[in-house]
Amino acid sequence: MKRFLSAWLVRRLAKALLTIFLVSTLTFFLVRLLPGNPVDTYIQTQIAQTGISYADAAAQAQNLFSLDPDEPLILQYVTYMGNLVQGDFGVSLLSPGTTVAQVIQTYLPWTLFSVGIAQILSFVLGVIAGMIMAYRRESWIDHLLTSIGSLLHAIPNYIVAILIVVFLGVKLQVFNLTEARGSYTPGVEPSFSLSFLNDILYHATLPILAYLLTTVGSWALVMKSSTVETLGEDYVTVARARGLTDNRIRSGYVGRNAVLPLFSQLAVSLGFVVGGSIFVEKIFGYQGIGFSLYNAVSGRDYPVLQGIFLVVTISVVVANLLADVLYSRLDPRIRVGGKAKG
């Protein structure tokens with residue numbers, strides 16, 4: 001078994017490294033297929049905003065950027081991969097002197113904070129709603145929750161974010177959208193205090209709400225399906241025949257086994273939500289990694305684009321690996337190789 005586990009782990013790690021390499025390579029070439037480049041974008045912006053001549057704007061760009069867009073692409077790729085192996089993500093083109101690692105360290109925690117809270121809340125609420133739907137099959141509450149869950153699952157998070165802005169910000173004026181912009185109030189000193197926690201929660205409330213509304217429906221539907229399937233298992237029938245109470249069966253037999261498939265999806269979904277935060281954070285002005293990604297795309301900041309995509313890729317790959325390990329640990333019927341014990 002130890003040999004089997006070691007071989008399985010080596011195979012998974014090899015697949016993970018290969019995936020990261022392929023995505024890094026694909027990202028490198030895809031971002032360079034975007035129309036324009038950082039130098040041209042900067043020149044056009046300077047001409048439009050300041051009215052200077054093309055020659056002056058080009059001279060400023062030459063002094064500002066360390067990128068030579070005319071360098072052969074293959075040489076750029078070799079340099080990039082060589083630096084990447086050494087852990088060097090490069091330097092931001094839009095913020096000279098600021099490394100990509102510093103950009104990620106600055107903005108990623110805020111996205112993880114908002115997305116993490118939203119994912120936990122949506123998972124818990126989805127599991128509860130899914131079990132209610134399964135136990136009340138074909139009732140009015142089942143039809144209502146299923147319809148709501150399907151609707152929320154089908155709407156993109158940026159559409160929900162726009163609706164939140166329109167109704168909660170403009171129509172009802174529940175939130176002051178100007179004050180809620182940013183990760184925390186300007187001038188407030190970050191600290192481990194209750195006042196600072198309240199402040200960052202206030203700024204993260206709208207992004208959290210958008211993520212919550214667009215993910216809770218899918219968790220509820222998956223949990224309903226898993227619970228219905230578990231209710232038909234023989235061990236549930238045996239538990240009822242033994243005279244166990246409904247609460248004992250729900251918590252000890254049905255709920256625990258029905259929720260197992262969702263744990264593997266929970267870790268994986270976190271990585272994808274982080275990558276999909278670009279529109280939500282831009283709409284709310286929340287300064288997380290999605291906001292930084294939007295600015296990098298607008299300014300053709302190649303190093304930042306590549307660094308963020310690489311981090312998202314690594315998070316998804318690691319989440320997949322952890323999900324497999326976690327699922328095999330939680331469910332004793334599952335062997336690491338995916339075969340059920342006899």
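Computed from heavy atoms alone, side chains included, the values below leave out hydrogens, waters and symmetry copies.
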Quick one: pull up CG in L310 and CG in L305 and give me the separation to the nearest 0.5 Å.
-> 12.5 Å
Heavy-atom neighbours of F167 CZ exceed 12 at 6.0 Å = no
Are side-chain heavy atoms of L212 and L125 found at a separation under 4.5 Å?
-> yes
Please name the residue in the list L22, I308, V23 that meets the side chain to side chain contact (heavy atoms under 4.5 Å, CB included) test with T313.
-> V23
How far does OG1 of T19 sit from CG of L26, to the nearest 0.5 angstrom?
-> 12.0 Å
Is there a side-chain contact between R181 and H203 (heavy atoms, below 4.5 Å)?
-> no
Under a 4.5 Å side-chain heavy-atom rule over Ile, Leu, Val, Met, Phe, Trp and Tyr, are F28 and M81 clustered together?
-> yes
Does Q102 CD have over 12 foreign heavy atoms under 6.0 Å away?
-> yes
Provide the closest heavy-atom pair for S122 versus V216 in the form atom of the first, atom of the second, distance.
-> O-CG2, 3.7 Å
In one Ile/Leu/Val/Met/Phe/Trp/Tyr side-chain cluster, 4.5 Å: V311, F21 = yes
Kindly determine whether S292 and V304 satisfy side-chain contact (heavy atoms from CB on, under 4.5 Å), including the steps that lead there.
-> CA-CA 8 Å; S292 177; V304 173; 4.1 Å; yes
For the atom pair CG (L121) and CG (L213), what is the distance rounded to the nearest 0.5 Å?
-> 11.0 Å
Could you tell me whether the side chains of Y107 and S183 share a donor-acceptor contact shorter than 3.5 Å?
-> no
If only atom types and distance count, is the side chain of T111 paired as donor or acceptor with the main-chain N or O of I289 below 3.5 Å?
-> yes
When you look at CZ of F113, are more than 12 heavy atoms from neighbouring residues, nucleotides or ligands closer to it than 6.0 Å?
-> yes
Flag yes if V85 and L75 sit in one hydrophobic cluster, no otherwise; membership is Ile, Leu, Val, Met, Phe, Trp, Tyr, and two members link when side-chain heavy atoms are under 4.5 Å apart.
-> no
Residues F29, Y77; criterion ring pair (Phe, Tyr, Trp, His ring centres under 6.0 Å); working and verdict = CA-CA 8 Å; F29 290 104; Y77 172 72; 5.3 Å; yes
Could you give the distance from CD (Q306) to OG (S24), rounded to the nearest 0.5 Å?
-> 9.0 Å
Do I117 and Y211 have side chains that get closer than 4.5 Å, going by heavy atoms?
-> no
Are the side chain of N83 and the backbone of T79 linked by a donor-acceptor contact shorter than 3.5 Å?
-> yes
Would a distance-only check, ignoring hydrogens and angles, find a side-chain to backbone donor-acceptor pair under 3.5 Å from S226 to V222?
-> no
Heavy atoms only: give me the nearest S114-Y286 pair and the separation to one decimal.
-> OG-CE2, 3.8 Å
With the side chain counted from C-beta on, respond yes when I278 and Y158 share a heavy-atom pair under 4.5 Å apart, and no when they do not.
-> no
Please step through ring pair (Phe, Tyr, Trp, His ring centres under 6.0 Å) for the pair Y184 and W110, ending with a clear verdict.
-> CA-CA 10 Å; Y184 56 91; W110 299 111; 5.5 Å; yes
Drop me the distance from I162's CD1 to F279's CZ, to the nearest 0.5 angstrom.
-> 10.0 Å
Which heavy atom in P303 sits nearest to a heavy atom in V91, and how many Å separate them?
-> CG-O, 3.3 Å
Tell me, yes or no, whether the heavy-atom count around F196 atom CZ, taken from other residues, nucleotides or ligands under 6.0 Å, exceeds 12.
-> yes
Look at the side chain of D199 and the backbone N and O of T185, then say whether any donor-acceptor pair between them is shorter than 3.5 Å.
-> yes
Euclidean distance, I128 CD1 relative to L145 CG, rounded to 0.5 Å | 12.0 Å
Let me know which of V280, L209, N157 forms a side chain to side chain contact (heavy atoms under 4.5 Å, CB included) with T214.
-> N157
F291 and F284 aromatic centres sub-6.0 Å = no
Should L30 and F309 be counted in the same cluster of Ile, Leu, Val, Met, Phe, Trp and Tyr side chains packed under 4.5 Å apart?
-> no
Are side-chain N/O atoms of Q76 and R32 paired as donor and acceptor at under 3.5 Å?
-> yes
Under the 3.5 angstrom rule, does the side chain of R137 hit a backbone N or O of A134 as a donor-acceptor pair?
-> yes
Specify the closest pair of heavy atoms between A161 and I283, including all atoms of both residues, with the distance to one decimal.
-> CB-CD1, 3.8 Å
Counting N and O atoms only, with roles assigned by atom type, does the side chain of S139 sit under 3.5 Å from a partner on the main chain of R136, one being a donor and the other an acceptor?
-> yes
Taking H153 for the side chain and G217 for the main chain, is one N or O donor matched with an acceptor at less than 3.5 Å?
-> no
Side-chain (E281) to main-chain (Q287) donor-acceptor, under 3.5 angstrom = no
Can you hop from V124 to M133 via hydrophobic side chains spaced under 4.5 Å?
-> yes
Go through the steps for F175 and Y202 under the test ring pair (Phe, Tyr, Trp, His ring centres under 6.0 Å), then give the verdict.
-> CA-CA 9 Å; F175 273 86; Y202 175 77; 5.6 Å; yes
